[in-house]
Structures are given as structure tokens and as C-alpha cells.
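Structure record follows, encoded as C-alpha cells.
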Amino acid sequence: MTTAARSSPLTIAVVYPDLLGTYGDGGNGLVLARRASWRGIDTDLIQASSGRPLPTADLYCIGGGEDGPQVRAAAALREDGTLVGAADRGAVVFGVCAGFQLLGGSFPDSEDRSHQGLGLLDVRTRKGTGTRAVGELVATVASDGPRSPDGGSLPRLTGFENHGGVTSVGAGARVLSHVVEGVGNGAGDGGEGAWSGRVVGTYLHGPVLARNTALADLLLGWALSGPGGRESLEPLDDTEELALRAERLAVVHESGRRDVVRRLLRRRG
Ligand code: GLN
């Protein structure tokens, strides 16, 4: 366990909230900062707007956004170079939806033109052909997904999705989780998100770290330990967070039950 004194504050940067702030994912940075400071860890939460050099941080959160701002954010991050350099040195990078897509090799804009991503995750996104994936999303963490510091598997993930992109995971990355309810990556293998080293991407909004505190603590533990390490953290009283989780999971369960009943009634009638 740790709340070991650090010589400098744990720095968490929310990347370009002015471009990638549409879906409330900036809350992920806040959740991480609060969970660290509740444990007595000195924390600096930076809202790193575009148009300025990206600061150096221990942990970067990149949120979802619309197609145009996503293209601008990816181009600015590639030109700036700080994020890729920091990830190479072991910084934790957590991307959600547009933030996930731009960590990969390429992603489409609204006209279906392909744009280069940062290449931090071996994923590629193309435009989906069907309807946009919108709704609650539940997924179980893959057996070769990231493990909690005690080596156990993480509890299933809950959030909501809203995207048109379809993401394929290449051999250089692994699927983060398997969809129980919803669409996720949409590539036909039931995968949701991807990860490699300390870079994690997901389609889950929420903000996802408010609904999935084990994932939040996993990222924090990585950021607090040296490269390659993972640190377990003192447990917190998560009564409220667990109630939120249970409430959201119950909504999905209930609507699933209603769908089954509706199908049965349709078959009979
Ligand atoms: N523009 C991307 C898509 O629709 C990402 C959307 C988002 O971040 N929610 O696939």
C-alpha cells in the first residue's frame, strides 16, 4: 500500500477540454485527483487547453468529442509531441471514445477522410455503416486485460457509448473488455476498448471512472509507481460510488429483461 511521500505532486492533465469536452469525460481527471488527495497524496490537476504546449504529467486523460474537434486535437497533439514522449517514458494515458480513437493509427472524420492518430495504441478506426452506437454499455474485463495490483481481475465496466466509429484492435494491443450489453468497438468480435502497457482506451463515457473506481485506482496505482510497477492503494469508502454503479447496472439489467419479455410476447401474439 502507498501514500508514500513524493517529492513532487502527482500531476494529472485533462487534455484539451476545450476540444474534447462534449461528453463530460473531464470528470475522469477530477475523480483521479480526488481519489489521490483523499489518500493524502499531493495532486495537481491541470486543465490543459489546446493552443498551448501540453504540460508534462504523470497521467493524461483524453475525453470524447465531435469529429471536427477530434481531428484538430489529434493534429495538435502530434505536432506538440509531449504526449507521445511522456507515454514513451511511462506516463499513463487514458483515452475515451474520440480520445481512444486518436491514440490509434487512424480514424475518420465526418466526410470519411482518414486522419493519422498518435500511434500509441495498435488500433484503427473506420466509419461504421449502420446506425450510431448510442446507449448503456456493460463489459467484462478481458482475461488478458489489466489486472488489479493484487493480481485479481477488475469488476465489469459500466458506462454509456455514443459513437459512429468502428475500431479494430491489431496484434500490438489487446482488447480491454468484452461487451455484455451495447456495441463497444463494433468490429464484430465483441471487444470493447484496447490497452497496451500503460495506455488504455475505451468507448465508455460516464465519466467512466466515477462508475468504475477499480479502474480509476488501477490507473492511479500505475501513475504512482515507477515504469512497469503497479502500486496498491489504501481502500476508500466507496459506498456512494458503488450505489451509482449498482443503479446503472440495474437499469441495463431491467431493460434487458423487458426486451426478453417483449420478444416472448411478440412470438406468442
Ligand atoms: N467522433 C467520434 C465518433 O463518432 C467520437 C465520438 C465520441 O467521442 N463520443 O466515432
Side-chain angles (χ1 to χ4, degrees), residues 13-31 47-50 60-78 83 93-139 157-170 173 175-177 179 181-195 199-212 215 248:
V14 175
V15 177
Y16 299 171
D18 51 325
L19 295 177
L20 301 172
T22 320
Y23 297 86
D25 301 312
N28 288 325
L30 193 56
V31 168
Q47 301 296 328
S49 296
S50 66
Y60 292 90
C61 293
I62 317 175
E66 286 161 17
D67 295 346
Q70 177 179 355
V71 170
R72 291 213 296 283
L77 287 170
R78 286 197 318 114
L83 186 66
V93 181
F94 181 59
V96 176
C97 204
F100 167 34
Q101 295 175 359
L102 65 74
L103 291 176
S106 61
F107 64 88
D109 64 16
S110 54
E111 308 295 318
D112 205 8
R113 287 176 300 232
S114 182
H115 295 263
Q116 199 178 337
L118 301 180
L120 288 175
L121 272 179
D122 183 13
V123 302
R124 291 195 169 272
T125 301
R126 62 178 194 279
K127 220 171 167 49
T129 48
T131 50
R132 204 172 163 81
V134 181
E136 288 289 315
L137 178 55
V138 178
L157 303 173
T158 150
F160 71 89
E161 61 187 330
N162 188 337
H163 57 101
V166 165
T167 301
S168 307
V169 180
V175 160
L176 176 66
S177 58
V179 174
E181 190 68 44
V183 176
N185 295 346
D189 59 359
E192 194 297 307
W195 75 295
V199 181
V200 179
T202 177
Y203 272 111
L204 291 153
H205 299 287
V208 60
L209 298 183
R211 293 201 201 180
N212 302 276
L215 182 60
R248 296 320 300 168

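Positions are given from 1, in the same order as the sequence printed here. Whatever order the structure lists ligands and atoms in, that order sets their numbers, starting from 1. Quantities reported herein were computed from a predicted structural model and do not represent experimental measurements.
A donor and an acceptor atom, one from each side chain of Tyr203 and Gln101, are located under 3.5 Å apart. When only modelled atom types and interatomic distance are considered, Ser168 and Arg124 share no side-chain donor-acceptor pair under 3.5 Å. For the residue pair Asn162 and His205, no side-chain donor N or O sits within less than 3.5 Å of a side-chain acceptor on the partner. A donor and an acceptor atom, one from each side chain of Ser177 and Glu192, are located under 3.5 Å apart.
On a distance-only criterion, Glu66 and ligand 1 share no N/O pair closer than 3.5 Å. Residue Val96 places no N or O, backbone or side chain, under 3.5 Å from any N or O of ligand 1. Taking distance alone, with nitrogen or oxygen atoms compared against 3.5 Å, Gln101 approaches ligand 1 more closely than that limit. Looking at ligand 1, you won't find any N or O of Gly64 less than 3.5 Å from one of its N or O atoms.
Residues Leu204 and Thr158 approach most closely at CD2-C, 3.7 Å, considering heavy atoms.
The pair Glu136-Arg211 meets the salt-bridge criterion, with a side-chain N (NZ, NE, NH1 or NH2) lying under 4.0 Å from an Asp/Glu carboxylate O.
Taking each of Gly165, Pro108, Gly65 in turn, the one with a heavy atom nearest to atom 5 (C) of ligand 1 proves to be Gly65.
Not a single heavy atom of Glu161 lies less than 4.0 angstrom from ligand 1. The closest approach between a heavy atom of Lys127 and any atom of ligand 1 is not below 4.0 Å.
Using a 4.0 Å cut-off between heavy atoms, Phe107 makes no contact with ligand 1 at all.
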